[in-house]
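All ligand and atom numbering here is 1-based and tracks the order in the structure.
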Amino acid sequence: MELNEMILQITTDIRDKHPKLLQFLNDNTVTIPYQEHPTITLEILTAQYDSLQNIVRNYKLNGIENIQWENALNMPFIDVTVMEHKNAYQNLLTKINSLSVSYHDVGEGTIPIIFLHGFPFDKSMWKSQLDDLKSKFRLIAIDFRGFGQSTDEKTVLSMDLLGLDLIAFMDKLNIPKAIVCGLSMGGYVALNVVQKFPERFKALILCDTQCNADTPEGRAKRYATIEEINSAGPAAFNESFIKGVFHPNSFIDKNEVVEDLRNVVIGNTKKVITSGLEALATRSETCSGLKNIRIPTLIICGDEDQITPVAKSKAMQEQIQGAELKIIEQAGHVSNLEQPKQFNMHVSNFLNRLINSF
Ligand code: MLT
């Protein structure tokens, strides 16, 4: 039997037969690859298997209260889900309190760039940025709680909560400072955290986003949509949303990109869509704090973004000291997906200048 199958078997056994032990292990989980072990090797798998056998033996002999954590392990417990997903696109999982956060972590660098997706998308929207830029920088893309493969908590979503999750995630991964890059809702969260936790961020990239809260009409429209989704399901919302985010040309020459995003959108639970819409409707403005932002800022916007038009980006640029603005041609609201070459070039130029100055 392959080692990873043996590990899967022993882990499944723990899950099925020893729920207390499972809880204990979950509270002590680390994910790999991690800094000291950038890849999963045979040696790590063997250590992992041995440690699991030790833990089970120790547990059966002494019970959960008496497990000697240090003696039981020669290697921290690795959540098996991490290994199941690993072959995809560095699809890692880490636990923050009771929440499992799914993320990609590629490339190397002292200051990582953390990518935050828009609504109702997930981290897969950053694939081409990660592919293109990973040879030069460390890039992390996370799924916000409830989206993609991050667990769906019963909590009510808000920009504040998603911001706190990001800070907890950085703490968990020992990242004292990062560069944050957010698109649309990801930008709302990025603006929230750089204003609340300025000491944790070295630079800011805002893509197809705005600092404004919803207008009363916009808010009423979101609540009407929530009601509609609750009574008739999310299909109509999903379709009209997809129509609104792309440049018209993207439906002609970027079919695959449109289809990939459509699959992400229709894969959402009804709960996360309605809860996300409510979070967007109730978010606070961040415009009044822009003048206090003191970190290098790049603003990017598709020339035909209908959801957060270029005027919103220009208004932010005027308020943030030294901010640069780059307009992406032939792009709507998801400019990184529609014109990855232009988008990546601007991000790469900005990061190169910045990293050289640290
Ligand atoms: C997004 O892309 O995150 C949303 O369109 C943001 C919004 O609707 O305000």
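Near G118, the atoms of ligand 1 lying under 4.0 angstrom from a non-hydrogen atom of the residue are 3 (O). Ligand-side atoms of ligand 1 in range of F241: 5 (O), range being under 4.0 angstrom from any heavy atom. Near I307, the atoms of ligand 1 lying under 4.0 angstrom from a non-hydrogen atom of the residue are 5 (O). Close contacts of ligand 1 with M185, meaning ligand atoms under 4.0 Å from a residue heavy atom, involve 1 (C), 3 (O).
Between R262 and E239 there is a salt bridge, since a side-chain N of the basic residue sits under 4.0 Å from a carboxylate O of the acidic one. With salt bridges taken as basic N to acidic carboxylate O contacts below 4.0 Å, none links D260 and K127. Salt bridge status for R283 with E278: absent, with no side-chain N to carboxylate O gap under 4.0 Å.
Not one N or O of L183 is nearer than 3.5 Å to an N or O of ligand 1, by distance alone. Where the criterion is an N or O separation shorter than 3.5 Å, residue side chain and backbone included, Y188 meets it with respect to ligand 1.
The residue from I175, L173, N174, I167 that alone fulfils the side chain to side chain contact (heavy atoms under 4.5 Å, CB included) condition with D171 is I167.
For atom 6 (C) of ligand 1, the closest heavy atom belonging to the protein is S184 OG, 3.1 Å.
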Stepwise disulfide bond (SG atoms under 2.5 Å apart) check, C211 with C287: CA-CA 5 Å; C211 58; C287 305; 2.1 Å; yes
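With a 4.0 Å cut-off on non-hydrogen atoms, R222 touches ligand 1 through its side chain and not its backbone.
For D305 and H333, the side-chain atoms include at least one donor-acceptor pair closer than 3.5 Å.
Between F241 and F237, the ring planes lie tilted relative to each other; the angle falls in the 30° to 60° range.
At least one heavy atom of H333 sits closer than 4.0 Å to an atom of ligand 1.
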